[in-house]
Amino acid sequence: MIRGSFGKTLPKVSKIGLGLSQLSNTRKKLLYGYKTRKEVLSIIRLGIKNGINFFDTGTNYGETENILGSLTNKEKSKIIISTKAGLKKNGKRSFLPSYLEQQIDKSLKNLRLERINLFMLNKPNIKDISRNELIYFLEKLKKKGKIEKSGIIIGDRKGFKKIIKSESLDCFSVLFNLIHTDNIDLIKEI
């Protein structure tokens with residue numbers, strides 16, 4: 001598996017990562033995409049065996065944080081885990097620092113980790129970032145040792161040119177695929 005740099009402190013990251021959102025249905029057998037916890041764990045371990053070391057999860061991805069947490073410490077030491085917060089179960093977003101820190105603490109407990117490799121804010125707009133001083137908040141989380149790297153998943157692009165230049169943020173995530181190619185200019189800017 002080809003690997004590339006991801007910051008100075010994290011190990012090199014595999015060029016292919018495994019996003020766990022589509023493996024989040026481990027409870028409702030009759031719904032599309034149902035997988036048992038055992039099947040999800042097997043898929044994760046197969047990924048690790050084949051050189052994938054980047055796993056993306058989130059507080060709204062069913063039991064995937066808990067399933068990653070069930071890996072052995074040896075297995076977890078070989079991978080990079082990215083999680084995110086900001087989207088509530090009711091579909092609304094909250095970027096209040098108190099709420100986000102609660103979610104991070106929950107993720108740390110679920111993942112059975114002392115520190116999250118990469119923590120992402122899930123689509124705040126520029127007003128959320130400014131009003132809640134989110135860049136400063138992420139820096140505080142790093143200093144507390146709860147997260148190693150931080151980033152933002154960009155939803156609403158307005159005003160992000162200034163944020164992209166921030167040296168406090170380690171990465172950005174942008175929707176881009178065969179159907180959604182609108183963000184190519186934003187990717188180039190990043």
Side-chain angles (χ1 to χ4, degrees), residues 1-87 103-104 106-123 138 141-142 145-155 169-181 183-184 186-188 190:
M1 177 71 59
I2 299 171
R3 296 191 178 204
S5 294
F6 187 71
K8 295 177 185 171
T9 55
L10 291 177
K12 291 193 180 247
V13 66
S14 54
K15 295 283 183 180
I16 297 174
L18 183 59
L20 302 178
S21 67
Q22 300 303 309
L23 301 174
S24 64
N25 180 15
T26 56
R27 293 190 177 176
K28 297 178 181 171
K29 286 185 180 184
L30 299 179
L31 292 181
Y32 173 78
Y34 172 77
K35 301 268 185 274
T36 66
R37 285 177 59 100
K38 187 176 178 180
E39 287 172 317
V40 173
L41 186 58
S42 176
I43 291 167
I44 291 168
R45 285 191 165 129
L46 181 64
I48 294 170
K49 179 181 174 190
N50 285 287
I52 293 174
N53 75 339
F54 185 83
F55 294 85
D56 178 64
T57 185
T59 54
N60 286 351
Y61 289 10
E63 296 182 288
T64 58
E65 282 188 342
N66 285 308
I67 294 169
L68 280 171
S70 71
L71 292 171
T72 66
N73 288 337
K74 184 177 179 182
E75 289 171 315
K76 284 190 269 189
S77 73
K78 295 178 183 178
I79 65 173
I80 297 167
I81 297 174
S82 171
T83 193
K84 63 194 70 61
L87 180 63
Q103 294 303 297
I104 289 166
K106 181 180 174 185
S107 292
L108 286 166
K109 183 179 177 186
N110 290 342
L111 294 164
R112 298 180 197 153
L113 293 171
E114 292 180 22
R115 179 176 55 192
I116 295 168
N117 300 123
L118 173 61
F119 174 72
M120 304 281 286
L121 297 174
N122 195 350
K123 299 182 184 172
L138 292 170
L141 291 173
K142 288 178 186 178
K146 290 187 177 190
I147 66 172
E148 190 168 348
K149 301 286 182 190
S150 65
I152 295 177
I153 300 167
I154 299 175
L169 296 168
D170 301 296
C171 69
F172 296 92
S173 177
V174 179
L175 177 63
F176 184 79
N177 58 39
L178 292 174
I179 298 170
H180 300 96
T181 59
N183 287 325
I184 190 71
L186 186 57
I187 291 170
K188 287 178 182 177
I190 293 169

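By convention here, the first residue in the shown sequence is residue 1.
Side-chain contact check for Phe119 versus Leu121: some heavy-atom pair is nearer than 4.5 Å. The closest side-chain heavy-atom distance from Ile81 to Ile116 is not below 4.5 Å. Looking only at side-chain heavy atoms (C-beta outward), Thr83 and Asn110 stay at 4.5 Å or farther from each other. The shortest distance between side-chain heavy atoms of Lys76 and Asn73 falls below 4.5 Å. Looking at Ile16 and Asn50, their side chains never come closer than 4.5 Å, going by heavy atoms from C-beta outward. Contact annotation: the side chain of Ser150 never approaches that of Leu141 to less than 4.5 Å [non-hydrogen atoms, C-beta and beyond]. Residues Phe55 and Ile48 meet the side-chain proximity criterion, which asks for heavy atoms closer than 4.5 Å. Residues Asp170 and Lys142 have side chains in contact (heavy-atom distance under 4.5 Å, counting atoms from C-beta outward).
Here the straight-line distance linking atom CD1 of Ile104 with atom CZ of Arg115 works out to 13.5 Å at 0.5 Å rounding. Considering CG of Leu138 and CE of Met120, their distance stands at 10.0 Å, rounded to 0.5 Å. Rounded to the nearest 0.5 Å, atoms CG (Leu111) and CG (Leu68) are 6.0 Å apart. The CD1 atom of Ile44 sits 7.0 Å away from the OG atom of Ser70 when rounded to the nearest 0.5 Å. A distance of 8.0 Å separates OG1 in Thr36 from CD1 in Ile67, rounded to the nearest 0.5 Å. Here Leu41 contributes atom CG and Glu75 contributes atom CD; the two are 7.0 Å apart, rounded to the nearest 0.5 Å.
Under the rule for a salt bridge (Lys or Arg N to Asp or Glu O under 4.0 Å), Lys123 has no partner lying at least two apart in sequence or in another chain.
Within the structure, every pair that satisfies the salt bridge (charged side-chain N to carboxylate O under 4.0 Å, His left out) test and touches residues 17-33, not counting sequence neighbours, is listed here: Arg27-Glu63.
Side-chain N or O atoms of Asn117 include none that pairs as donor or acceptor with a backbone N or O of Ser82 at under 3.5 Å. In terms of modelled atom types and a separation under 3.5 Å, the side chain of Asn122 and the main chain of Gly86 share no donor-acceptor contact. Side chain of Thr64 to main chain of Ser24: no donor-acceptor pair is present (N/O by atom type, distance under 3.5 Å, no hydrogens or angles). Without hydrogens or angle criteria, Asp56 side chain to Lys84 main chain gives no donor-acceptor distance under 3.5 Å. Judged by distance alone, with hydrogens and angles left aside, the side-chain atoms of Ser107 form a donor-acceptor pair with the main-chain N or O of Gln103 at under 3.5 Å.
At most 12 heavy atoms of other shown residues, nucleotides or ligands fall within 6.0 angstrom of atom CD in Gln22.
For the pair Ile80 and Lys12, the tightest heavy-atom approach, listed with the atom from each and the gap, is CD1-O, 4.4 Å. Gly51 and Ser14 get closest at one heavy-atom pair: O-CB, 3.5 Å. Closest approach of Leu23 and Thr26 over heavy atoms only: O-CG2, 3.9 Å. For the residue pair Glu65 and Thr59, the shortest heavy atom distance occurs at OE2-N, 3.9 Å.
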